[in-house]
Asker: 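Below you will find the structure I want to go over with you.
One-based numbering, in listed order, for ligands and for the atoms of each.
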Amino acid sequence: MKKISVVIPAYNEEEIIETTCLRVIQVLDENKYESREIIIVNDGSRDRTHPILKELSESHPDLKVLSFSRNFGHEAATTAGLKYASGDYIFIIDADLQDPPELFPDMIKLMEKSEADLVYGVRKSRKGESGLKKLTSKMFYRAFNLLSDYKFPLDTGDFRLLNRKVLDEFNALKEKKKYVRGLFSWIGFKQIPITYERAPREGGVSKYNYKNLMRLAMDVIFSFSKKPLKIASGVGLFCIFFSLIFLIYILISKAVYAVPGWASITTLIVFFGGVQMFTIGVLGEYLGIIFDEIKGRPEYIVAETLNAEDTIKNNEKSRS
Ligand code: UDP
Ligand code: MG
């Protein structure tokens, strides 16, 4: 019998976490998935998420909880859950019930029928999210595909089902800063979509604001693509070419009009200043990534576990 793992990152989800756990358990019960584990990664929540999980885990031995020492972010939380997952079929799902756990059996059937290695959820609609969020998210995925060396499926979140083969490849990746959905796409194998309606949050508020999203978008683009470097050098080349033409123009026009051209000179200084700053900024982004990786700090620190002590020991062993 195949074992099911469900990985759920959660940050300040006191309003909803209990409902989420119970709904996932209900789906697993109804479909008689007896060999299973639900891994909640509590990403340093400062509300009542932890006590709620503690109480729940006492009556549900298959509910495992990893609690971080502080908030390390959504991607780190998902990565931690995936590292500890021991199932043959592994689901990733958000804690806010925007993605329906009722889809689990269909996803498994689809995976088995089409012999796929990964089934990813594609949002047919996104209810309860502002027009601006939908628009910026659309723009991000389009811009990303334009800049990235790999093409990623549009309108896809983290909601997906993986088999062991894909997960082992993911866990073997050495980079520290992981953008989960991008890396799964990069890993390859046979991946197929399943479309679903994305519901509004059942409770609580989104943990992402525009500043976080902007930072995430930049991190993702710079860690998946070298195109910004190429664009920067392209702009540099264009400027050299442009300034040569301009030089010729100045020489001719000086001979003809002999006017003091402070306006054009100022414009040029500002323009090239901008180009240089832009280029240095691009280099800085990559330097930042290298800096983070070279320090070799762990992606997250697990401070406490519930029902998961043996899982962690096994993982520590395999790591050392
Ligand atoms: N999350 C997390 N750490 C964070 C931010 C979010 O573990 O620092 C979790 C959050 O609890 C949720 C999932 O990541 O389960 C997605 O977050 P959210 O629903 O706020 O994002 P949105 O759906 O609005 O993009
Ligand atoms: Mg959400």
Asker: Distances under 3.5 Å, N/O of ligand 1 against N/O of the protein: list each pair and its distance.
Answerer:
residue, atom, partner, partner atom, Å
ligand 1, 3 (N), Asp43, OD2, 2.6
ligand 1, 3 (N), His74, N, 3.4
ligand 1, 8 (O), Asp43, OD2, 3.4
ligand 1, 8 (O), Asn71, ND2, 3.1
ligand 1, 11 (O), Tyr11, N, 2.9
ligand 1, 11 (O), Glu13, OE2, 2.5
ligand 1, 14 (O), His74, NE2, 3.4
ligand 1, 15 (O), Pro9, O, 2.8
ligand 1, 15 (O), Ala95, N, 2.8
ligand 1, 19 (O), Asp96, OD2, 2.6
ligand 1, 19 (O), Arg201, NH2, 2.8
ligand 1, 20 (O), Arg201, NH2, 3.1
ligand 1, 20 (O), Lys207, N, 2.5
ligand 1, 23 (O), Gln98, OE1, 2.8
ligand 1, 24 (O), Lys133, NZ, 3.0
ligand 1, 24 (O), Ser206, OG, 2.6
ligand 1, 25 (O), Lys133, NZ, 3.4

Asker: Taking 2.8 Å as the limit, list every protein N, O or S atom around the Mg ion (ligand 2), by chain and residue number.
Answerer: Asp96 OD2, Gln98 OE1
Asker: What pairs with Asp47 under side-chain hydrogen bond (donor to acceptor under 3.5 Å, both in side chains), at least two apart in sequence or on another chain?
Answerer: Thr49
Asker: Counting distance only, does the side-chain N/O of Glu299 pair as donor-acceptor with the main-chain N or O of Glu175 below 3.5 Å?
Answerer: no
Asker: Ile290: which other cluster members, linking ILVMFWY side chains closer than 4.5 Å, directly or transitively?
Answerer: none
Asker: Report yes or no: does Asn12 contribute a side-chain atom to a donor-acceptor pair with the main-chain N or O of Arg46 at less than 3.5 Å?
Answerer: yes
Asker: Does the Glu75 side chain pair with the main chain of Val180, one donor and one acceptor, at a distance under 3.5 Å?
Answerer: yes
Asker: Distance under 6.0 Å and angle within 45° of the ring axis: does Lys295 meet both against Phe291?
Answerer: yes
Asker: If the threshold is 4.0 Å, N to carboxylate O, is there a salt bridge linking Glu18 and Lys54?
Answerer: no
Asker: Tell me if a side-chain donor or acceptor on Ser225 pairs with a main-chain N or O of Phe222 at a distance below 3.5 Å.
Answerer: no
Asker: Go through Glu14 and Ser45 one step at a time and tell me if the side chain to side chain donor-acceptor pair (under 3.5 Å) criterion holds.
Answerer: CA-CA 9 Å; Glu14 61 180 1; Ser45 303; over 6 Å; no
